[in-house]
Peer 1: 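First the structure, which I've put down as structure tokens, then a few questions once you've had a look.
If you're wondering where the values come from, they're calculated on a predicted model, not measured in any experiment. Throughout, protein chains are lettered first and strands after them, A, B, ... in sequence-line order, and every chain is numbered starting at 1.
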2 protein chains.
Amino acid sequence: MSPGVVSRVFNADANLRIRDETRQRVLAAAEELSYTPNHAARALRRARVGVLGLAVHDVSNPIYSEIVAGVQRAATEAGYTLMLADADALASDDASFRNLIGSRLIDGLLLQRAGNNADAMVAKIASGRLCTILLNDRTRGPLSSVALDDETAARLATEHLIGLGHSRIGHLAVDGPRSRSQARVRGWRSALRAAGMAEEPELLAGGGHTIEAGFEGMRQLLRSEIRPTAVFAGNALSAVGAATALRQAGLSIPGDISLIGFHDLPFAAHLTPPLTTVRLPLRAMGSRAVELLLEQLDGSAARHEIVRSPAPELIERGSCAPPGRVGRAP
Amino acid sequence: MSPGVVSRVFNADANLRIRDETRQRVLAAAEELSYTPNHAARALRRARVGVLGLAVHDVSNPIYSEIVAGVQRAATEAGYTLMLADADALASDDASFRNLIGSRLIDGLLLQRAGNNADAMVAKIASGRLCTILLNDRTRGPLSSVALDDETAARLATEHLIGLGHSRIGHLAVDGPRSRSQARVRGWRSALRAAGMAEEPELLAGGGHTIEAGFEGMRQLLRSEIRPTAVFAGNALSAVGAATALRQAGLSIPGDISLIGFHDLPFAAHLTPPLTTVRLPLRAMGSRAVELLLEQLDGSAARHEIVRSPAPELIERGSCAPPGRVGRAP
DNA sequence: GCATCATGGTAAAACGATTTTCGGCACATG
DNA sequence: CATGTGCCGAAAATCGTTTTACCATGATGC
């Protein structure tokens with residue numbers, strides 16, 4: 001039996017004419033020897049490895065975990081395996097960068113850009129020939145991107161606070177206090193303006209995307225002249241840190257200050273008080289990114305897309321209440 | 001210039017005698033063309049791909065995230081790339097299983113066994129020829145394993161509660177209420193016995209390794225005849241669920257019931273009250289597992305190891321207090 | 001009876017590196 | 001002059017698949 005026939009049986013080649021008896025013989029022998037095609041040889045021959053790369057900034061961040069889950073599912077469905085890389089290591093270690101990007105270890109890359117040298121990194125990748133999708137990013141550039149409708153979600157959160165009667169609504173911005181043009185800040189601002197409220201610069205602080213940064217950001221808000229009665233945190237983890245800062249200041253949530261988080265993660269319901277959040281389709285974004293990547297591997301052009309479905313949704317729990325009134329007991 | 005020379009320059013072959021001028025010429029040309037060796041071809045020729053697999057039960061579980069971080073670091077240091085797989089998908093989808101295990105897509109596998117069919121899966125893997133290390137597992141079998149000193153940690157947690165004066169100390173067991181032989185249950189029991197306390201079967205409930213399971217487990221403990229004054233949760237996430245159950249029952253922590261968690265995760269300090277825990281070297285276990293795997297790839301025999309360093313450590317926060325007294329304010 | 005065609009395969013050439021073998025050149029030695 | 005002997009580098013074999021080209025053989029068409 002020649003290897004060529006075996007190969008075509010395995011790949012269900014439609015152009016192969018073969019006696020059924022022979023096919024059975026091949027299959028039986030494969031079973032007997034528990035034969036599995038060698039990945040490297042196959043990848044070498046067809047110029048395609050069947051592996052997608054996913055580089056995220058911090059694997060242990062639960063927000064990324066959600067994205068990873070979506071990516072994982074879509075990739076598996078499409079018959080691809082997923083390779084996880086550390087975006088920071090990629091940015092700093094040039095050897096591992098070249099190994100991942102240039103060696104055709106993967107067919108395409110999903111990149112969650114983050115950190116300071118993100119731009120430099122994007123440039124480096126764009127100059128290469130590896131098909132890449134930027135995750136959770138709405139940059140207009142040579143690289144495709146998939147993002148969420150952060151602005152709508154931020155507006156939703158802010159409007160909820162406005163609806164409760166708040167008028168001094170702070171915001172912990174993920175990209176620092178000076179990032180006045182980012183989507184979440186825009187959503188927050190547009191909701192304030194629509195309600196006829198002035199935007200106080202002191203009500204905008206940096207909250208980062210970590211517990212610690214949220215803690216610091218909230219402390220800064222509390223030190224400001226006009227103390228907010230409600231705070232919209234631009235990130236789920238920073239909301240956790242913010243809550244701790246409030247508790248340390250002896251303030252109750254939502255009695256003294258209402259708090260709303262961004263991204264609805266599993267533990268949000270288990271904070272004290274349970275955290276009201278806006279939920280965004282993180283998993284869907286992950287899946288969609290894979291679809292886009294696969295399309296692009298087939299030659300379609302770069303594209304910038306925003307995943308709006310399922311739509312951002314307000315998840316009411318116990319961390320928001322009208323101002324100046326004690327909310328329900330914890 | 002022949003490809004052979006190029007290859008040997010790139011891999012710093014000691015047996016190659018070459019004029020320095022020629023070497024420079026090779027290096028310059030490589031730089032010029034931004035040449036990177038093709039991974040598949042290289043993997044095919046040397047029967048080694050430079051990729052390690054890591055299969056965990058649930059990527060979004062923060063405990064696994066810690067392990068992943070440790071594995072990631074050690075793998076990168078050793079010049080290996082990491083491939084993340086979903087252990088559940090591996091167990092259920094036979095095609096992806098064979099693809100990962102048999103095709104030499106990876107050189108070795110780190111497997112966090114979990115789920116019901118874990119045993120069957122281990123058997124399937126053991127029958128194959130892929131070098132595998134079981135993570136967080138102390139099974140004696142043909143496969144190597146790396147585990148933590150859960151028993152000591154559990155004893156430490158229980159002794160802390162005993163030291164505070166508690167005598168009715170419940171335990172939420174990760175593997176269900178009937179798993180009387182697991183390490184954490186053993187640690188809990190041995191601490192109780194050492195203090196001359198009887199082990200009440202009603203004080204043992206299943207807490208799983210999810211928030212929900214912990215919630216249910218605590219509710220069960222609260223329904224029992226002898227209500228505990230302190231609970232040792234066998235898992236960090238189940239402690240979060242347990243805290244919610246207590247809150248819903250109108251009980252205060254630690255005023256009415258003290259709570260101590262297993263595994264010290266970033267958010268533990270940000271619960272209300274901040275959760276007292278025992279910290280285990282999760283990252284170190286991940287790193288050690290990689291080391292063991294690499295040794296074994298070089299031919300060393302299977303081994304069962306327990307990572308005891310850094311030693312389990314009690315992290316006191318605000319969720320434990322003497323019984324029948326109100327603890328410090330949240 | 002000769003050309004054509006479908007059938008059921010075989011044989012061989014890629015794929016892009018690594019590794020082993022071999023050969024040519026220059027110089028020294030007997 | 002013949003013969004080693006270092007040095008450098010070229011050639012060729014190899015890894016396990018996929019893919020293309022091709023070849024018997026017998027059946028069919030005319």
Peer 1: Listed by chain and number, what are the side-chain contact (heavy atoms from CB on, under 4.5 Å) partners of Ala302(A), not counting sequence neighbours?
Peer 2: Ser144(A), Gln296(A)
Peer 1: Does any residue of residues 18-26 of chain A have a heavy atom under 4.0 Å from DNA chain C, and if so, which ones, in number order?
Peer 2: Ile18(A), Arg19(A), Thr22(A)
Peer 1: Between Asn99(A) (side chain) and Ala95(A) (backbone), is there a donor-acceptor pair under 3.5 Å?
Peer 2: no
Peer 1: Not counting sequence neighbours, list each pair that qualifies as a salt bridge (charged side-chain N to carboxylate O under 4.0 Å, His left out) and has a residue in residues 41-57 of chain B.
Peer 2: none
Peer 1: Could you pull out the protein-nucleic contacts involving nucleotides 26-28 of chain D (nitrogen or oxygen on both sides, under 3.5 Å)?
Peer 2:
none

Peer 1: Over how many whole Å does the gap from Leu16(A) atom CG to dT20(D) atom P extend?
Peer 2: 14 Å
Peer 1: How close do Val51(B) and Leu105(B) get, counting heavy atoms only, and between which atoms?
Peer 2: CB-O, 4.0 Å
Peer 1: Start at the 5' end of DNA chain D and walk down; is the nucleotide closest to Gly4(A) or to Arg17(B) reached first?
Peer 2: Arg17(B)
Peer 1: Identify, with sequence neighbours excluded, every residue that meets side-chain hydrogen bond (donor to acceptor under 3.5 Å, both in side chains) alongside Thr81(B).
Peer 2: none
Peer 1: Short of 4.0 Å, heavy atom to strand atom, which residues of residues 27-51 of chain B count as contacting DNA chain D?
Peer 2: Leu44(B), Arg45(B)
Peer 1: Any chance you could measure His263(B), atom NE2, to Ile67(B), atom CD1, to the nearest 0.5 Å?
Peer 2: 7.0 Å
Peer 1: At under 4.0 Å between heavy atoms, how does the protein contact nucleotides 21-27 of chain C? Give one character per nucleotide, 5' to 3', with B, S or -.
Peer 2: -------
Peer 1: Sequence neighbours excluded, which residues qualify as side-chain hydrogen bond (donor to acceptor under 3.5 Å, both in side chains) partners of Asn38(A)?
Peer 2: none
Peer 1: Mind jotting down which residue pairs meet the ring-ring contact (aromatic ring centres under 6.0 Å, His included) criterion with at least one end in residues 6-38 of chain B? Sequence neighbours excluded, please.
Peer 2: Phe10(B)-Tyr35(B)
Peer 1: Out of Leu54(B), Leu100(B), Leu52(B), which residue meets the side chain to side chain contact (heavy atoms under 4.5 Å, CB included) rule with Ile106(B)?
Peer 2: Leu100(B)
Peer 1: Looking only at heavy atoms, what is the nearest atom pair of Leu148(A) and Asn136(A), with distance?
Peer 2: N-OD1, 4.3 Å
Peer 1: Could you tell me which non-hydrogen atom of Ser145(A) sits nearest to which non-hydrogen atom of Leu292(A), and how far apart they are?
Peer 2: O-CD2, 4.1 Å
Peer 1: Return the value, rounded to whole Å, for the distance between atom CG of Asn15(B) and atom P of dC8(D).
Peer 2: 14 Å
Peer 1: Give a yes-or-no answer on whether the side chains of His57(A) and Asp88(A) include a donor-acceptor pair shorter than 3.5 Å.
Peer 2: yes
Peer 1: Please, which pairs that meet salt bridge (charged side-chain N to carboxylate O under 4.0 Å, His left out) have at least one residue in residues 92-109 of chain B, sequence neighbours excluded?
Peer 2: Asp94(B)-Lys124(B), Arg104(B)-Asp107(B)
Peer 1: At under 4.0 Å between heavy atoms, what does Asn11(A) touch on the DNA or RNA strands: base, sugar-phosphate, or nothing?
Peer 2: sugar-phosphate
Peer 1: Report the residues that fulfil side-chain hydrogen bond (donor to acceptor under 3.5 Å, both in side chains) with Glu31(A), sequence neighbours left out, ordered by chain and then residue number.
Peer 2: none
Peer 1: Which angle, to the nearest 10 degrees, lies between the helix axes at the two ends of the helix from dG1(C)-dC30(D) to dG30(C)-dC1(D), each defined by five pairs?
Peer 2: 70°
Peer 1: For residues Pro310(B) and Ala284(B), report the shortest heavy-atom separation together with the two atoms involved.
Peer 2: CD-CB, 4.1 Å
